[in-house]
Each structure stands twice: as C-alpha cells, then as structure tokens.
There are 2 protein chains.
Amino acid sequence: MCTPYHNASCANCQDRFGSILFKAEKCNLEEIESAKVCTTYKKGQIVFQEGAYPFGIYCVNTGKIKLSHCGDDGREQIVRLAKPGDIIGYKALLSAERYTASAIALDDSSVCFIPKDLFMSVLQKDASLSLEMMRILASELRKAEMKITHLAQKPVRERLAETLLFIRETYGVEQDGSTLNVRLSREEIANLVGTATESAIRLLSEFKKDGLIELQGKKIRLLNPEELTRTANLQD
Amino acid sequence: MCTPYHNASCANCQDRFGSILFKAEKCNLEEIESAKVCTTYKKGQIVFQEGAYPFGIYCVNTGKIKLSHCGDDGREQIVRLAKPGDIIGYKALLSAERYTASAIALDDSSVCFIPKDLFMSVLQKDASLSLEMMRILASELRKAEMKITHLAQKPVRERLAETLLFIRETYGVEQDGSTLNVRLSREEIANLVGTATESAIRLLSEFKKDGLIELQGKKIRLLNPEELTRTANLQD
DNA sequence: TCTCCCCTTTGATACCCATCATTGCCCCCC
DNA sequence: GGGGGGCAATGATGGGTATCAAAGGGGAGA
C-alpha cells in the first residue's frame, strides 16, 4: 500500500523548506540522509497510529499531515497540522512512550522515516540539532498553552475565525491569493476548533453571510482577513 | 522584598526531589551550582511575569508555584503547577521570546535562578541534560494536548474531577492521607479547570453532597478517589 | 472584639451550543 | 441513469454553563 524509496534528497527539503533537520552538522545530516526511508501516502492513509510504539521519527517531504487525538468518547481532536519540512512523531520518541496521536495524510504525501536509534544517537552528539529540537518543542508547547486558554475562555465563533487564519498561516493560499490551500471536511474543521460539526457549519455560513468568507464545497476563500482577525479577537 | 542567598545546595535538591538538573554531568552541575542564586518568595509574589524577557531559568527548591496565562479578556488560565525539583521559565528561554505566562508563588517558596548564558552554554555541551530537557518538554506537550482534547470534549463536571486528582498527583496529600496538600482559592480551581468560579463552586458542593469530597474552607479532602476517577471518565 | 472587605455560596436567568432529526446535495459505483 | 452512501446544510429543542445579583461567612487589622 505504501511505496518506499530512497531517491528523495534531504538537501532538496532544505532548499525548499529549511527543515529543522538542517540544523544538524553536515556529517550527521549525511548519516541521516543515507539511513532514511521515504514513503508515499495517499490521502487518508495513516502514517502512525495512536497507541503504537514509535520506531523513529518522520519528516514530511511533500503533502499535508494532520495529527489527532482520539477523545474518550471517540471524537477526534486535531492537535496539529504538519507541512513539508515539519517533523512528526518526536514527542512519543523523546518521552519513550506510545503515540498519543495518530498521523493521517490530508493529501497525497511523501514522508521520510528516520530510525529511532540513529536519530537518538545523532541527537546525543549534535548539540546544534538538540537545541533546535528544544526550540521546536518549546514553541509547540507555547502554542498548545495558548490554545488551552482560548478553548477555556473564547466562544466558538472567535475560535473558528482564529482557526481559519491558522490554516492560512500553515498551508497558505492558492494562486488567487485567498483560497485556503487545503481541503478539510466540515468535521475536520470542527475538530480543529473543538466544537460540534453542525456548529462549525452554522458559523461558516454566518461568516459567509457577513462577507468574511466564500464557500464552494470544501474550498474556503478568506475575503476579509482583517475583519476575520477582529472577529477572532486576538491580542497576542 | 525578596531575599537572595547562596547557601541552598543543589545536592540537597537532588536528594529530596531528583530534579532534572541532576541529569547533567557532574562538572556542569557544579558550575550551575556555583552560579545559581536562590531567592525566597512569599505567597502571592511574582517570580516572573508574562510579557517580560527571560534572563535565565528557575528551579523550584521549596514551595509551590502556579504558571498562568492571562486571557484576552483578562481572565487567568492556569497552565501548570510546579513543585520542588521542577524547573520553570524554560519555554521562553529556549524559544528566545518573552514569557507567555506568569509564575506566582502559591505558598512561601524558595526558587533558584540560573543565568541564561550559563544554562544555554551547559545545554550546548551536555548531551545528557539536553536529552532530559527534551523529555520534559515532550511530556509537557503531551499533557497539554490531552488537556486540549478534554477541554474541547468533556463537561465541566468531569474536568473538575480530573483536576482534583491532578492536584493530588502534583502536590500530594497531608498526614491524614486524603486532604490535598495545597490551598487554592475557588477562583484558582476554576481557572485550572477552565470554567467560571461559580460553576466550580457549585460542582464542588455537588461532589460534597455525593460524598466524594469534604470541604473545610480551602481544605479539600478526597474521600473517594476511585469514584472520583470514574466521575472524571478517564480512559488513558 | 468589632468591623470591613474579600471570598464563598446560592439563586435566578439567559444564552450559547450540543444534540437529534430531516432534507438536500454531490459523487461514486453498480 | 438510477440508487446509495457520505457529507453538508438547516431547523427544533434541551441542557449545560456563564452571567448577574445578592446574601452569607470568615479572617485580618484596627
């Protein structure tokens, strides 16, 4: 179902995305490059699954990956969106526990796998990579805590506006300069926001009525990002 | 208002709490130990404040510290509870940005300060400390994501039960084996749960009526932790 | 000991939002 | 082309929570 191959170069990734792995010293990067295995995933396919033990980390080469928890009642909560150059699966590896989230392709994607032992040994000897790793972790933690505060204190309407801007931030827009460059189901949007699907739908059509966005199937155009920012009521 | 002194030994901390700093190699630990400055804070005093630039990290020696965001509407959201042996303020330092949370003493506390340059230079050369640092970050991130899921999906009642158990986990209980070993205001409990103060109060008295807990001012006794766990509806 | 102020508590009310149910739509496949 | 299934949209409803208001404690300081 997946096709492993070795011909994707990390150097390519570097040029295109400035992935974090390129904070590693050159010799270590080469070591990683020679050991990594690139795999393609079709939209909807699972890269790794919540509950499984990690055997390495993944670096997104092309495509889009969502990371989501499964709540106790079975409902999904999307905790992160990964784009090319991002690494995923490091949390479980670093804390030596099972995955607490599943990684699922939102688009056809190609993802490099770096074996656990190799990555950990490079991490041991490469201070520069370690520091970058910590920077990423600290930054993710900061975002997570911000999200906690907003979930606790902001109404769904504001959180949805914020989420739309976040999606634009993450995946950018298409040629027209305003259509979000990713196709998410209404349910996925709701699971990002942390609300019921129907509420997300209702508020999306409100936004549409208010001229903030335009909807065409799964395509979402942000017509008025400034007003959307105001709707999100952000201060930081 | 604060009293700096140098006589607190990190080795003491090690014996008592197995703080993370003791993953550092011995020579590095000694370097840290000689440079650190210990300060005492009275209950309610601020260790560092949201928005300020970090000059180093802090290691809690004795006492209890809360870390809280200030939401856009001014309401506080407590994102972490720190106990002796824990380090705080590392997120801002590692990502080289301003603090996104304030640290405030919940009890009279003594906290060691380690200057930024020293800590970062030790981090550069000490792979063992770096790894431990990453482990801590990964673990915090895991907890944060779990909290996000629960905030999005669970009712206040379940989250309050979970919070009470979390407080017990963090600060333990008094001699009697059931009274939570920390005094928090109702508002602080609410800000931990992510709800309104009145809701927290109402549900606490419900728990009391149901024989789950006993209330005596700010003292909270967990009479039936098993049932409380069931009320929290946890599966992980 | 008294008083004041803050924290806690309880009640009443409104509303946001989840849930259930129904309809309509589009696309895939038979 | 005609189902069929999944997804989107909209309405109706109820419940969980926030908010407002007001009264009841309890500790600190005079």
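This structure is a prediction, so every number in the text was calculated from the model and none was measured. Numbers restart at 1 for each chain; the letters A, B, ... are given by sequence-line order, proteins then strands.
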Using a 4.0 Å heavy-atom cut-off across all strands, classify A/Arg157 as base, sugar-phosphate, or nothing.
->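 It contacts nothing in the nucleic acid.
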At under 4.0 Å between heavy atoms, what does B/Lys208 touch on the DNA or RNA strands: base, sugar-phosphate, or nothing?
->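 No contact at all - B/Lys208 keeps every heavy atom at 4.0 Å or more from the nucleic acid.
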Gap between atoms [atom1] and [atom2], on [X] and [N] respectively (whole Å):
X        : N      : atom1 : atom2 : result
B/Lys154 : D/dG15 : NZ    : P     : 22 Å
B/Arg202 : D/dC20 : CZ    : C1'   : 11 Å
A/Gln153 : D/dT17 : CD    : P     : 16 Å
B/Leu203 : D/dA18 : CG    : C1'   : 12 Å
B/Gln77  : D/dA18 : CD    : P     : 12 Å
A/Lys43  : D/dC7  : NZ    : P     : 11 Å
B/Glu206 : D/dT17 : CD    : P     : 10 Å

Return yes if some donor-acceptor pair links the side-chain N/O of [X] with the main-chain N/O of [Y] below 3.5 Å, else return no.
X        : Y        : result
B/Asn61  : B/Val111 : no
A/Ser102 : A/Glu50  : yes
A/Lys154 : A/Asn233 : yes
B/Ser139 : B/Arg135 : no
A/Gln153 : B/Asp73  : no

Picking from A/Glu76, A/Arg80, A/Gln77, A/Glu188, what satisfies side-chain hydrogen bond (donor to acceptor under 3.5 Å, both in side chains) with A/Ser68?
->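 Between A/Ser68 and the candidates, side-chain hydrogen bond (donor to acceptor under 3.5 Å, both in side chains) is satisfied uniquely by A/Glu76.
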Tell me, which of residues 194-201 of chain B have any heavy atom that sits under 4.0 Å from an atom in DNA chain D?
->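 Listed by number, they are B/Thr195, B/Ala196, B/Glu198, B/Ser199.
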Residue pairs, two or more places apart or on separate chains, that pass salt bridge (charged side-chain N to carboxylate O under 4.0 Å, His left out) and touch residues 53-65 of chain B =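 Qualifying pairs: B/Lys64-B/Asp107.
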Walk along DNA chain C from 5' to 3' and tell me the first and last nucleotide with an atom closer than 4.0 Å to a non-hydrogen atom of chain A.
->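 Contact boundaries, 5' end first: C/dC17 to C/dC20.
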Among B/Asp86, B/Leu106, B/Val182, B/Leu67, which residue meets the side-chain contact (heavy atoms from CB on, under 4.5 Å) test with B/Leu81?
->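 The passing option is B/Leu106.
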So which of residues 180-191 of chain A are in contact with DNA chain C, with a heavy-atom cut-off of under 4.0 Å?
->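 None - not one residue of the stretch has a heavy atom sitting under 4.0 Å from the strand.
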Could you tell me whether the side chains of B/Ser95 and A/Arg142 share a donor-acceptor contact shorter than 3.5 Å?
->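 Present: a donor and an acceptor within the cut-off.
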Could you tell me whether the side chains of A/Arg186 and A/Thr197 share a donor-acceptor contact shorter than 3.5 Å?
->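 No, no side-chain donor-acceptor contact under 3.5 Å.
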Atom CZ of A/Arg183 with >12 non-hydrogen neighbours under 6.0 angstrom |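 Yes, because the 6.0 Å sphere around CZ of A/Arg183 holds more than 12 heavy atoms from other groups.
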Before accepting this row, confirm whether a basic side-chain N of the pair B/Arg159/B/Glu162 lies closer than 4.0 Å to the acidic partner's carboxylate O.
->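 Not counted as a salt bridge, because no side-chain N and carboxylate O are separated by less than 4.0 Å.
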Extract from the structure each pairing of a protein N or O with an N or O of nucleotides 24-27 of chain D at less than 3.5 Å, listing the distance.
none

Show the numbers, then the answer: is there a salt bridge (Lys or Arg N to Asp or Glu O under 4.0 Å) between A/Lys91 and A/Glu140?
-> CA-CA 11 Å; A/Lys91 231 183 344 171; A/Glu140 287 295 316; over 6 Å; no
Could you go step by step and tell me if A/Arg157 and A/Glu206 meet the salt bridge (Lys or Arg N to Asp or Glu O under 4.0 Å) rule?
-> CA-CA 10 Å; A/Arg157 185 182 170 85; A/Glu206 266 191 41; 2.6 Å; yes
Pair A/Leu215-A/Ile220, side-chain contact (heavy atoms from CB on, under 4.5 Å): steps then yes or no = CA-CA 5 Å; A/Leu215 295 170; A/Ile220 299 177; 3.8 Å; yes
Report the end-to-end axis angle of the helix from C/dT1-D/dA30 to C/dC30-D/dG1; each axis comes from five terminal pairs, and the value is rounded to 10°.
->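 What I find for the helix from C/dT1-D/dA30 to C/dC30-D/dG1 is an axis angle of 30°.
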Atom CG of A/Leu203 and atom CG of A/Leu212: how far apart are they, to the nearest 0.5 Å?
->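 Going from the CG atom of A/Leu203 to the CG atom of A/Leu212 covers 11.0 Å.
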